[in-house]
Amino acid sequence: MALFDAHLHIIDPRFPTAANDGFTPEPFTVQDYRERTAPLGVTGGAVVAGSYQGTVQDHLLAALRELGPTFVGVAQLPPDTSDSQLRDLHAAGVRALRFNLHRGMTRDLDAQVQLGLRAADLLGWPAEFYVDSRRLPEISSLISPLPRVAVDHLGLSAEGLPALLDLVASGARVKATGFGRVDMDVADALRAIAGVNPGALMFGTDLPSTRADRPFRDSDADLVADALGEDLAERAFTTNAREFYGIASRAHVA
């Protein structure tokens, strides 16, 4: 299996972290990541900024330099980030914004959406939401102007799955990640999402699985393969995320 890991975190002790809800993570370096994923055939991935890493993205850029050009970054930024700063991040390999509603990092959603619209217009970046899908109906009108969005960790909630499927029907992607975080039957949710849009699912390890009830297991990939079948699983493992992040057509923006 060749895997584009659509969701991972690097926690480098060279860069400070800040407690979020009293939680401070243990280090998980690029070397740790490579050793942990050696059996998985990882060919690239998306390094995602965590709540405990704030909005200064030096840690993210360092991870991208070390991991190499097949990896992209998903940044967590303040709304007043300038166009020049966005271009610099793009040149360094960042390809998306993350809006973390679940951990309280996104307090002014209107302002964040405006940032997302600027980044989409300027650089073609999508916006990723860490949110319990039960909240999607209340925020759908706010996020609907964003041209491309994704929802992390299957939307977390079985109760919110119908709302998530409605969003998928409108073109949203879904991270097939964090199976130790959700309260649903994962296989059923995967089949439901792929049934609405075969291009929606993007599988990732969510390593190091901070604050999850259980960490990532290699068998989570087997679960996806068994639930979706060979063709849909291949899309979830590689093709969908590479297209979402524009890997095949990564271009420098001056």
Side-chain angles (χ1 to χ4, degrees), residues 1-7 45-46 48 72 74 95-102 106 109 113 116-117 120 124-206 216 219-248:
M1 176 185 72
L3 173 64
F4 183 91
D5 185 351
H7 197 100
V48 180
V72 299
V74 182
R95 289 297 181 272
L97 288 172
R98 190 187 205 203
F99 301 144
N100 190 331
L101 281 68
H102 189 62
T106 301
L109 185 55
V113 167
L117 289 171
W125 287 6
E128 302 185 11
F129 287 86
Y130 186 14
V131 60
D132 189 314
S133 54
R134 289 174 292 188
R135 292 192 58 190
L136 290 175
E138 73 182 71
I139 67 171
S140 60
S141 62
L142 293 176
I143 69 175
S144 61
L146 293 165
R148 294 195 300 139
V149 302
V151 175
D152 291 348
H153 308 322
L154 297 173
L156 299 173
S157 166
E159 184 181 341
L161 184 59
L164 180 65
L165 295 176
D166 287 343
L167 195 64
V168 170
S170 71
R173 304 294 185 95
V174 178
K175 296 279 188 83
T177 56
F179 297 167
R181 302 182 186 275
V182 305
D183 71 355
M184 65 188 72
D185 184 295
V186 170
D188 286 348
L190 293 170
R191 286 189 287 264
I193 293 164
V196 174
N197 178 4
L201 287 168
M202 303 183 295
F203 178 76
T205 63
D206 186 37
F216 169 78
S219 60
D220 289 343
D222 299 327
L223 188 161
V224 173
D226 291 343
L228 297 180
E230 183 176 356
D231 292 342
L232 288 176
E234 182 178 356
R235 296 187 68 171
F237 288 142
T238 302
T239 310
N240 292 343
R242 288 179 63 87
E243 188 277 331
F244 183 70
Y245 291 114
I247 302 298

What do the steps show when you test V224 against F179 for side chain to side chain contact (heavy atoms under 4.5 Å, CB included), and what is the final call?
CA-CA 11 Å; V224 173; F179 297 167; 3.9 Å; yes
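- The salt bridge (charged side-chain N to carboxylate O under 4.0 Å, His left out) pairs that include a residue from residues 192-202 number zero, where partners must be two or more places apart or lie in different chains.
- Using a 4.5 Å heavy-atom threshold, the side chains of V74 and L97 count as separate.
- Side chain of T238 to main chain of R235: no donor-acceptor pair is present (N/O by atom type, distance under 3.5 Å, no hydrogens or angles).
- Checked for salt-bridge contact, R135 and D132 miss the test: no charged N lies under 4.0 Å from a carboxylate O.
- F129 places none of its side-chain heavy atoms less than 4.5 Å from the side chain of D152.
- Checked by atom type and distance alone, the side chain of D5 never pairs as donor or acceptor with a backbone atom of G204 at under 3.5 Å.
- Under a 3.5 Å cut-off, the side chain of D183 and the backbone N or O of A158 do form a donor-acceptor pair.
- For the pair R148 and F244, the distance from NZ or CZ to the six-membered ring centre is under 6.0 Å and the angle to the ring normal is within 45 degrees.
- Results of the salt bridge (charged side-chain N to carboxylate O under 4.0 Å, His left out) test with E128 over R173, R95, K175 single out K175 as the only residue that passes.
- When atom types are taken as modelled, the side chain of S157 and the backbone of S133 share no donor-acceptor pair closer than 3.5 angstrom.
- The ring-ring contact (aromatic ring centres under 6.0 Å, His included) check on F203 picks up F237, with sequence neighbours excluded.
- Checking side-chain atoms of S219 against main-chain N and O of D222 turns up no donor-acceptor pair under 3.5 Å.
- Side chains of L232 and L190 form no contact here, defined as non-hydrogen atoms less than 4.5 Å apart.
- In this structure a side-chain-to-backbone donor-acceptor pair under 3.5 Å is missing from D220 to G178.
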